[in-house]
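Both ligands and their constituent atoms are indexed starting at 1 by order of listing.
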Amino acid sequence: MLRVKIKRFPHAEGLELPFYATPGSVGMDLLYAGYEEVVLKPFERRLLPTGIAIELPEGYEAQVRPRSGLAIKHGITILNAPGTIDSDYRGEIKVILINLGNEDFVVRRGDRIAQLVVAPVVRVQWEEVEELTESLRGPNGFGSTGR
Ligand SMILES: O=c1ccn([C@H]2C[C@H](O)[C@@H](COP(=O)(O)OP(=O)(O)OP(=O)(O)O)O2)c(=O)[nH]1
Ligand SMILES: [Mg+2]
């Protein structure tokens with residue numbers, strides 16, 4: 001278990017911190033921390049507050065991922081999925097929700113709107129060369145191996 005500092009904003013008072021729904025869950029559910037109800041019309045997007053900020057150790061990132069239940073039942077997803085939380089970001093984590101369904105979708109305070117996955121990241125240092133090492137695939141991609 002990695003210990004990560006978390007700060008609650010005043011508007012998150014009374015809400016629980018993001019939590020793993022089961023012992024094996026990969027993501028912690030993020031709650032909508034606004035007081036006003038949000039109605040997302042079809043194809044409408046909104047930046048929604050979660051009321052928390054975190055301090056990731058260097059070498060880690062957090063991803064804001066959609067919830068499959070919202071996606072299949074309501075067409076609700078995250079426009080920039082997976083959203084990237086940098087380790088040096090200290091601001092409020094926010095979620096860009098979009099309604100790709102064909103009915104209005106209502107978001108209420110405390111609703112679980114997304115899930116946060118913390119993962120290690122590798123940072124690279126470029127080594128510029130004239131030629132890259134040959135490989136079986138070479139430059140082929142984008143369906144080159146067939147259906
Ligand atoms: O879904 C998201 C995506 C990003 N962020 C925050 C944390 C992240 O560290 C910062 C910047 O995100 P990103 O790099 O994706 O956005 P950008 O458009 O490149 O902005 P910037 O120039 O600030 O990096 O915004 C969120 O709260 N939610
Ligand atoms: Mg950026």
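Of all the heavy atoms of Asn80, the ones lying under 4.0 Å from any atom of ligand 1 belong exclusively to the side chain.
Near Ile93, meaning under 4.0 Å from any of its heavy atoms, are these atoms of ligand 1: 27 (O). Those atoms of ligand 1 that come under 4.0 Å of a heavy atom in Glu92, given as number and element, are 27 (O). Within ligand 1, counting atoms from 1 as listed, the ones closer than 4.0 Å to a heavy atom of Gly83 are 1 (O).
Atom CD1 of Ile78 sits about 9.5 Å away from atom CG of Leu48, to the nearest 0.5 Å. Here OG1 of Thr145 is found 6.0 Å from CZ of Arg137. Values are rounded to the nearest 0.5 Å.
No side-chain donor-acceptor contact under 3.5 Å links Glu127 and Gln125.
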Margin query: If you apply the rule side chain to side chain contact (heavy atoms under 4.5 Å, CB included), what do you find for Val64 with Thr84, and how did you get there?
Written below: CA-CA 6 Å; Val64 181; Thr84 302; over 6 Å; no
Note to self: Val38 vs Tyr32, test: side chain to side chain contact (heavy atoms under 4.5 Å, CB included). Steps then yes/no.
What the structure shows: CA-CA 10 Å; Val38 168; Tyr32 168 58; 3.4 Å; yes
Next item on the list: Show the numbers, then the answer: is there a side chain to side chain contact (heavy atoms under 4.5 Å, CB included) between Leu97 and Leu40?
Entry: CA-CA 9 Å; Leu97 225 54; Leu40 285 174; 4.1 Å; yes
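Proximity of atom 13 (P) of ligand 1 to the protein is not indicated, since no non-hydrogen protein atom lies closer than 4.0 angstrom. There is a protein heavy atom less than 4.0 angstrom from atom 27 (O) of ligand 1. Under the 4.0 Å distance rule, the nearest protein heavy atom to atom 19 (O) of ligand 1 falls outside the cut-off. By the definition of a contact as any protein heavy atom under 4.0 Å away, atom 1 (O) of ligand 1 is in contact.
In terms of protein heavy-atom proximity, atom 9 (O) of ligand 1 is closest to Asp86 OD2, 2.5 Å. With hydrogens left out, the protein atom closest to atom 8 (C) of ligand 1 is Thr84 O, 3.2 Å, a heavy atom.
Cation-pi geometry between Lys7 and Phe9 is satisfied (NZ or CZ under 6.0 Å from the ring centre, within 45° of the ring normal).
Within 6.0 Å of atom CD1 in Ile72, 12 or fewer heavy atoms from other residues, nucleotides or ligands are found, so the atom counts as exposed in its surroundings.
Compare Ile85, Ile96, Val95, Leu47 by their heavy atoms: the one nearest to atom 5 (N) of ligand 1 is in Ile85.
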